[in-house]
Amino acid sequence: MKNKFEVIVPGGADKVLLHTCCAPCSSAIIECLMKHGVTPYIYYCNPNIYPFGEYEIRKNECTRYAQSLGLQIIDDDYDHEKWLGEMAGLENEPERGGRCLKCFKYRLLRTARYAHENGFSVIATTLASSRWKSLEQIKEAGDFAVSQYPDVTFWAQNWRKGGLQERRLQIIKEYNFYNQLYCGCEFSMGKMAEKQCFPTEK
């Protein structure tokens, strides 16, 4: 980890409800938070992932990593049909289009709600670590989510800095993580042949 990388949690909070999309993307972020004295509570809210077997694999990898570090993982309800209903009319949107923004809003709103109901003042998301995602969309979604819950702050940290990408690759190898080849939903699945949302690093 590069020494110049600063972790400044809003309000000086020592715990963060961390919306986590998958183990490969979250691993270095979680490690970084812990090294800076911040306890991440891993919130696994990904009803977009299809099929259910894929969801289970990704959740289990997150759980394996969390348990190895003595961290708590919170599994949100998997309701893919409800998620599909929310995305109706956006099925043909490109990656980084309107569907992705609405998906981020849906998942981060659930994260903010859980934070509000369970005493967390700060939420963040590991979505911001992927170069395939729009940081602007993620910030818009996070700001929207916490606007519904004034006692919760969205921490729009850019997790692509400070050597975290390099450390991520190391942890993937150390844990032999399952590294998915598409972002998660059936619509991104169709783009798999064109490009990989999460390329397999070796």
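Remember, predicted model here, so these are calculated numbers, not experimental data.
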* Atom CZ of Phe144: over 12 foreign heavy atoms under 6.0 Å -> yes

* To do: Identify whether the distance between the nearest side-chain nitrogen and carboxylate oxygen of Lys105 and Glu86 falls below 4.0 Å.
  => no

* Before accepting this row, confirm whether a basic side-chain N of the pair Glu91/Arg99 lies closer than 4.0 Å to the acidic partner's carboxylate O. => no

* Asked: Within a radius of less than 6.0 Å around NZ of Lys139, do more than 12 heavy atoms belonging to other residues, nucleotides or ligands occur?
  -> no

* NZ-CZ distance between Lys102 and Phe104, expressed to the nearest 0.5 angstrom -> 14.5 Å

* Quick one: are the ring centres of Phe52 and His80 less than 6.0 Å apart? -> no

* Might you work through the side chain to side chain contact (heavy atoms under 4.5 Å, CB included) test for Gln67 and Thr63, ending with a clear yes or no? => CA-CA 6 Å; Gln67 291 179 343; Thr63 301; 3.6 Å; yes

* Yes or no on side chain to side chain contact (heavy atoms under 4.5 Å, CB included) for Cys103 and Trp83, after CA distance, side-chain angles and deciding distance? -> CA-CA 8 Å; Cys103 178; Trp83 178 88; 3.4 Å; yes

* Closest approach of Cys22 and Cys62, non-hydrogen atoms and distance? -> C-SG, 3.5 Å

* **Reported CD1-to-CG distance for the pair Ile172 and Asn179, which is rounded to 0.5 angstrom** => 4.5 Å

* Counting distance only, does the side-chain N/O of Ser130 pair as donor-acceptor with the main-chain N or O of Leu127 below 3.5 Å? -> no

* **Evaluation steps, side chain to side chain contact (heavy atoms under 4.5 Å, CB included), between Tyr149 and Glu117** => CA-CA 10 Å; Tyr149 302 99; Glu117 294 174 350; 5.7 Å; no

* Output yes when a side-chain donor or acceptor of Tyr78 lies under 3.5 Å from a complementary backbone atom of Ile49, and no otherwise. => yes

Let me check something: any side-chain donor-acceptor pairs from residues 69-76 under 3.5 Å, sequence neighbours excluded? List them with distances.
unit_1	atom_1	unit_2	atom_2	d
Asp75	OD1	Tyr55	OH	2.8
Asp75	OD2	Lys59	NZ	3.1
Asp76	OD1	Tyr43	OH	3.0
Asp76	OD1	Arg110	NH2	3.2
Asp76	OD2	Arg110	NE	2.7
Asp76	OD2	Arg110	NH2	3.4

* **Where Cys45 and Pro47 come nearest, the two heavy atoms and their spacing** => C-CD, 3.6 Å

* Nearest 0.5 Å please: distance from the OH atom of Tyr50 over to the SG atom of Cys185. => 11.0 Å

* Structure fact -> Ser26 meets the side chain to side chain contact (heavy atoms under 4.5 Å, CB included) criterion, sequence neighbours left out, with Thr20, Ile30, Thr126

* **Verdict with supporting geometry, Ile138 and Thr125, side chain to side chain contact (heavy atoms under 4.5 Å, CB included)** => CA-CA 8 Å; Ile138 292 167; Thr125 178; 3.7 Å; yes

* Closest approach of Val146 and Thr153, non-hydrogen atoms and distance? -> CG1-C, 3.8 Å

* **Side chain proximity check, Glu93 to Cys100, heavy atoms < 4.5 angstrom** => no

* State yes or no: do Ile123 and Ile42 share one hydrophobic cluster built from I, L, V, M, F, W and Y residues joined by side-chain heavy-atom distances below 4.5 Å, directly or via other members? => no

* Asked: For Pro10 and Val122, which heavy atoms make the closest approach, and how far apart are they?
  -> O-CG2, 3.6 Å

* List for me each residue that meets side chain to side chain contact (heavy atoms under 4.5 Å, CB included) alongside Gln157, sequence neighbours excluded, and say none if there are none. => Phe5, Trp155, Trp159

* Hydrophobic cluster identity match, Val9 and Leu18, side-chain contacts under 4.5 Å -> yes

* Decide, yes or no, whether a salt bridge links Arg58 with Glu61 under the criterion of side-chain N to carboxylate O below 4.0 Å. => no

* Asked: If you group Ile, Leu, Val, Met, Phe, Trp and Tyr by side-chain heavy-atom gaps below 4.5 Å, do Ile171 and Val38 land in one group?
  -> yes

* Spacing of CD belonging to Gln137 relative to CG belonging to Leu101, to within rounding of 0.5 Å -> 5.0 Å

* **Leu17 CG to Tyr41 OH distance, which is reported to the nearest 0.5 Å** => 10.0 Å

* Asked: Does some side-chain heavy atom of Asn60 sit less than 4.5 Å from a side-chain heavy atom of Arg64?
  -> no

* Asked: Do His19 and Thr111 get their side chains close enough for a donor-acceptor pair, meaning under 3.5 Å?
  -> no

* Following the transitive rule for hydrophobic clusters with a side-chain heavy-atom cut-off under 4.5 Å over Ile, Leu, Val, Met, Phe, Trp and Tyr, establish whether Phe120 and Leu109 coincide in one cluster. => yes

* To do: Determine, using the 4.5 Å side-chain heavy-atom cutoff (strictly less than), whether Val16 and Leu164 are members of one ILVMFWY cluster.
  => yes

* Donor-acceptor pair between Asn46 and Arg107 side chains, under 3.5 angstrom -> yes

* Could you pull out the closest heavy-atom pair between Val7 and Cys32, with the gap in Å? => CG2-SG, 3.7 Å

* ring-ring contact (aromatic ring centres under 6.0 Å, His included) against Phe177, all qualifying residues, sequence neighbours excluded -> Tyr65, Tyr175

* Shortest non-hydrogen contact from Ala13 toward Ser121 -> CB-OG, 3.9 Å

* Structure fact -> The side chain to side chain contact (heavy atoms under 4.5 Å, CB included) partners of Arg160 (sequence neighbours excluded) come to Lys133, Leu135, Asn158, Gln165

* Check side chain to side chain contact (heavy atoms under 4.5 Å, CB included) between Glu81 and all other residues, then give those that pass, not counting sequence neighbours. => Asp79, Leu84

